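First listed ligand is number 1; within each ligand, the first listed atom is number 1. Keep in mind that this is a model prediction, so the values were computed, not measured.
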Amino acid sequence: MEITNKPAERRYTIAVYPGSFDPVTNGHLDIIHRAAHVFDKLIVAVLNNTSKNPLFSVEERMELLRHATADLPNVEIDSFRDLLINYMKQKDAHLIVRGLRAVSDFEYELQMASTNRKLCEDIETFFMTSSPQFSYLSSSIVKEIARFQGPVGDLVPPVVEQALHEKYGEERSE
Ligand code: ADP
C-alpha cells in the first residue's frame, strides 16, 4: 500500500451507527450527539434481528430514537435487516460508528470491524469511546432496573422512561 502526503479530497460524509437500541440509552445518545457533530449526516440504523428477543419492536425503537434525536437535524433514523455493508452501499455510506465502553467490548468490535473491512475495503469503522459517566450503561441494564420498578430517569431520555413504565406495566397486568 502506497502512503502519500497528498490530502484526501473532502467528501460529504455519511456515517451509519448500527445497533439494537432496545431501547436507546443516554450512552447511545452521547455517541449520537458527538458523531452528529463530526459527520455531515448520521444514520442511526436499528438492526431488525429476528434471532434476538427484543423488548421493543423495531418500529417502537425507531420512534423512541426519533423523539430523542428530534433536536439533531443531520440525524436520520432507519432500520435494516440486510448485511450491514449491503445496507451501507444502498445509502452510499462509507463510515460505521460504534461506541466502545470497556475492554470487554473491544474483542467483538475488532472482529466486526475487521470482517466488514474484509467484505468491503472502502468501509471504515470509527470507534468513539464512551463518556465515563456512561461506561457501565447498556440497554440490558436499563431493562433489568425498569423491570423491577427501579429508577431509570438518569439513564434514558424521558420518552424511553415512559415507554419502559408502559411496557412493564402491561406485562404485569397480563
Ligand atoms: P448491539 O446489539 O449492536 O451491541 P447496542 O444497541 O447494544 O447494539 O449498541 C450499539 C452501539 O452502541 C455499540 O457500538 C455499543 O458498543 C454502543 N454503546 C452501547 N451502550 C453504550 C454506552 N453506554 N456508551 C457508549 N457506547 C455505547
Side-chain angles (χ1 to χ4, degrees), residues 13-39 41-69 72 74-88 91 93-117 119-120 123-147 150-161 163-164 167:
T13 52
I14 305 174
V16 172
Y17 180 30
S20 307
F21 304 105
D22 183 39
V24 59
T25 68
N26 288 344
H28 294 128
L29 285 172
D30 170 51
I31 299 287
I32 292 172
H33 274 88
R34 287 159 54 203
H37 201 68
V38 173
F39 303 109
K41 178 173 168 181
L42 181 71
I43 303 173
V44 181
V46 178
L47 175 60
N48 194 340
N49 185 347
T50 43
S51 67
K52 281 193 181 176
N53 189 11
L55 177 65
F56 292 98
S57 69
V58 172
E59 289 69 30
E60 288 172 327
R61 284 182 263 161
M62 289 173 69
E63 200 47 38
L64 294 173
L65 274 161
R66 269 194 211 102
H67 272 280
T69 60
L72 299 170
N74 63 332
V75 171
E76 182 184 309
I77 310 300
D78 197 11
S79 69
F80 71 107
R81 57 167 73 237
D82 202 356
L83 202 55
L84 178 60
I85 57 150
N86 291 343
Y87 170 75
M88 297 200 44
K91 292 282 169 182
H94 301 268
L95 313 170
I96 301 172
V97 172
R98 294 286 288 175
L100 274 184
R101 284 161 294 192
V103 182
S104 49
D105 277 343
F106 182 75
E107 209 166 319
Y108 173 72
E109 293 295 340
L110 178 67
Q111 188 184 20
M112 287 303 295
S114 309
T115 306
N116 284 326
R117 188 106 195 276
L119 294 174
C120 183
I123 284 182
E124 291 289 351
T125 302
F126 281 77
F127 293 109
M128 303 189 72
T129 50
S130 153
S131 296
Q133 69 269 37
F134 302 126
S135 61
Y136 66 94
L137 188 54
S138 69
S139 300
S140 324
I141 291 279
V142 165
K143 285 183 278 192
E144 200 61 20
I145 299 171
R147 189 150 69 96
V152 292
D154 287 345
L155 313 180
V156 294
V159 68
V160 172
E161 185 182 15
L164 282 164
K167 217 24 122 180

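Considering only heavy atoms from C-beta on, His67 stays 4.5 Å or farther from Pro157 through its side chain.
Heavy-atom contacts from other residues, nucleotides or ligands closer than 6.0 Å to OH of Tyr136 number more than 12.
For atom 7 (O) of ligand 1, the nearest non-hydrogen atom of the protein is His28 NE2, 4.1 Å. Regarding atom 25 (C) of ligand 1, its nearest protein heavy-atom neighbour is Ser130 CB, 3.4 Å. Nearest protein neighbour of atom 17 (C) of ligand 1, counting heavy atoms only, is Tyr17 OH, 3.6 Å. Here the heavy atom of the protein found nearest to atom 4 (O) of ligand 1 is Arg98 NH2, 3.6 Å.
Residue Arg101 places at least one N or O, backbone or side chain, under 3.5 Å from an N or O of ligand 1. Between Ser138 and ligand 1, a contact under 3.5 Å exists for no N or O pair. Of the polar atoms of Thr25, none of the N or O atoms is found under 3.5 Å from an N or O of ligand 1, judged by distance alone. Checked by distance only, ligand 1 and Phe134 come closer than 3.5 Å through their nitrogen or oxygen atoms. Where the criterion is an N or O separation shorter than 3.5 Å, residue side chain and backbone included, Ser135 fails it with respect to ligand 1.
Ionic pairing of Asp78 and Lys91 is present here: one or more N-O contacts between side-chain nitrogen and carboxylate oxygen are shorter than 4.0 angstrom.
The minimum heavy-atom distance linking Asp82 with Tyr87 is given by the pair OD2-N, 4.3 Å. Nearest heavy-atom pair, Pro18 versus Val97, reported as atom, atom and distance to 0.1 Å: CD-O, 3.4 Å. Of all the heavy atoms in Thr25 and Val156, the pair that sits closest is CA-CG1, 4.0 Å. In terms of heavy atoms, Val46 sits closest to Ser20 at CG1-O, 3.8 Å.
Listed for the Arg101 side chain is no donor-acceptor partner under 3.5 Å among the backbone atoms of Phe134. Between the side chain of Asp105 and the backbone N or O of Leu100, no donor-acceptor pair lies under 3.5 Å.
Not a single heavy atom of Tyr136 sits under 4.0 Å from any atom of ligand 1. Between Met128 and ligand 1 there is no heavy-atom distance shorter than 4.0 Å.
Residue-level proximity to ligand 1 for Leu137 is carried by backbone and side chain together, each with a heavy atom below 4.0 angstrom.
The nearest non-hydrogen atom to atom 8 (O) of ligand 1, considering only Pro18, Pro132, Ser20, comes from Ser20. Nearest residue to atom 14 (O) of ligand 1 from Gly99, Pro23, Ser140 is Gly99 (criterion: closest heavy atom).
For ligand 1, the atoms sitting less than 4.0 Å from at least one non-hydrogen atom of Gly19 are 3 (O), 8 (O), 10 (C), numbered in the order shown with element in parentheses. Interface atoms of ligand 1 facing Phe21, defined by a heavy-atom separation under 4.0 Å, are 6 (O).
The structure places OG1 of Thr129 at 5.5 Å from CZ of Arg34, a figure rounded to the nearest 0.5 Å.
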